[in-house]
Amino acid sequence: MTLMKIAAVDDDPTFLASLASLVASLPSGKDVTLIPFSGSQPFLVSDLATFDAFFLDIYIDGQTGIDLANHLKKEIKDPWIVFLTSSQEEAVEAFKLGAAHYLLKPIDPKTLEEALRRIKEGVARKDKRIVLENKGGFQPILLRDLIYVESFGNVKDFKTANGVISVRKSTEEVLSLLAHDARFFPLTRSYIVNFDYVRSLKSEGLVLSTGETLPVPREKKKAVTAAFLSYLGS
């Protein structure tokens, strides 16, 4: 059993104690170690890279959880962040920062269990990879770095965060490689997109975090929208 380590930052020690107790009582919390921080300063000087996820209160001793989240995103690649808040109004800003979840106080055990489950699945898939072969030899790709696949007949360009890898593969072979990962969706005959990189759906297509826009045919717009919303809620 792999132990998962989560930092919880809140300026209310009583709440932190109750949160730790609640986590320990849940099925997904049995192998979780919750490390409490009752202020932003001791948290910021800790070894942030050792944590698998972060629970951040929206308001912490003069700073905001949003500030801490922005700091984390500069220090750590794709941190798993869950915001703790007393108001649903704060959730919009939370999801703009790519939060995995937000928890309303008082914390509902079912909602916390869902957040822990989502984090566990995310941590487990963070290091999933595929290996492609081309003239340059064997090319490993972390699936978290794969933004989309573009098809040019039997040549496929794998656009990743680290560059483009071109291989000769059929669309069926590529779909088979990605079949068990819910992040990837066959947008058109030309594109397979990683939903993790989608920031919005506009009339012209899917807008990615890279600034690129992938076209969506009019007849597929409803299906793409439904698939994306389903992915967000999964």
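Everything numeric in this text was worked out from a predicted model, so none of it was measured.
Between F37 and F43, the two ring planes are perpendicular [angle over 60°; tilted spans 30° to 60°].
Pairs passing the ring-ring contact (aromatic ring centres under 6.0 Å, His included) check and including a residue from residues 185-223, sequence neighbours excluded, read Y148-Y191, F185-F195, F195-F228, F195-Y231. Within the structure, side chain to side chain donor-acceptor pair (under 3.5 Å) contacts touching residues 217-229 (residues at least two apart or in different chains) do not occur. Contacts classified as ring-ring contact (aromatic ring centres under 6.0 Å, His included) and involving residues 7-36 (residues at least two apart or in different chains) are not found.
Separation of atoms CG (D12) and NZ (K105) is listed at 6.5 Å; rounding is to 0.5 Å. Here the CG-CG distance, from N194 to L143, works out to 8.0 Å after rounding to the nearest 0.5 Å. The CD1 atom of I165 lies 12.5 Å from the CD atom of E133; values are rounded to the nearest 0.5 Å. To the nearest 0.5 angstrom, L16 atom CG is 7.5 Å from L34 atom CG. In this structure, L84 CG and F55 CZ are separated by 7.0 Å, a value rounded to the nearest 0.5 Å. From D145, atom CG reaches atom CZ of R129 across 9.5 Å, with rounding to the nearest 0.5 Å.
Residues meeting the salt bridge (charged side-chain N to carboxylate O under 4.0 Å, His left out) test with E212, sequence neighbours left out: K159. Applying the side chain to side chain contact (heavy atoms under 4.5 Å, CB included) test to A53 and every residue at least two apart in sequence or in another chain returns I6, W80, I119. With sequence neighbours left out, the side chain to side chain contact (heavy atoms under 4.5 Å, CB included) criterion links T160 to I141, L146, N162.
The closest side-chain heavy-atom distance from T85 to L104 is below 4.5 Å. Side chains of P109 and L112 form no contact here, defined as non-hydrogen atoms less than 4.5 Å apart. Counting heavy atoms from C-beta outward, D52 and V32 have side chains that stay 4.5 Å or more apart. When side chains are defined from C-beta on, H71 counts as touching L44, because their heavy atoms get closer than 4.5 Å.
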Q: Just do the side-chain contact (heavy atoms from CB on, under 4.5 Å) check on F158 and V167 with the steps written out, would you?
A: CA-CA 8 Å; F158 286 70; V167 300; 3.5 Å; yes
(Q) Between L208 and V193, does the side-chain contact (heavy atoms from CB on, under 4.5 Å) criterion hold? Intermediate values first, please. (A) CA-CA 9 Å; L208 308 183; V193 65; 4.0 Å; yes
Q: Take L48 and S46 through the side-chain contact (heavy atoms from CB on, under 4.5 Å) test and state the conclusion after the steps.
A: CA-CA 6 Å; L48 299 176; S46 67; 3.6 Å; yes
Q.
Determine whether K110 and E114 satisfy the following criterion, salt bridge (charged side-chain N to carboxylate O under 4.0 Å, His left out), listing intermediate values before the conclusion.
A. CA-CA 6 Å; K110 289 184 179 179; E114 167 63 20; over 6 Å; no
Q | side-chain contact (heavy atoms from CB on, under 4.5 Å) evaluation trace for L132 with L177 | A | CA-CA 10 Å; L132 304 173; L177 278 175; 3.9 Å; yes
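Here D181 pairs with R183 in a salt bridge; the nearest charged N to carboxylate O distance falls below 4.0 Å. Using a cutoff of 4.0 Å between basic side-chain nitrogens and carboxylate oxygens, R117 and E113 are not scored as salt-bridged. The pair K5-D47 does not meet the salt-bridge criterion, since no charged nitrogen lies less than 4.0 angstrom from a carboxylate oxygen.
Shown here is F152, whose CZ atom has more than 12 heavy atoms of other residues, nucleotides or ligands within 6.0 Å.
Contact record, A8 with L19: CB-CD2, 4.1 Å, taken as the closest heavy-atom pair. Heavy atoms only, all atoms of each residue included: T188 and P217 are closest at CG2-CD, 3.4 Å. Smallest separation of non-hydrogen atoms from K156 and S170: NZ-C, 3.8 Å. When all heavy atoms of A69 and I81 are compared, the closest pair comes out as CB-CD1, 3.8 Å. Scanning both residues, S151 and G153, for their nearest heavy atoms gives OG-O, 3.2 Å. Of all the heavy atoms in F54 and P79, the pair that sits closest is CE1-CB, 4.1 Å.
V207 is not connected to L187 by any chain of hydrophobic side-chain contacts under 4.5 Å among Ile, Leu, Val, Met, Phe, Trp and Tyr, and they are in different clusters.
Looking at K120, its side chain does come within 3.5 Å of a backbone N or O of S28 through a donor-acceptor pair.
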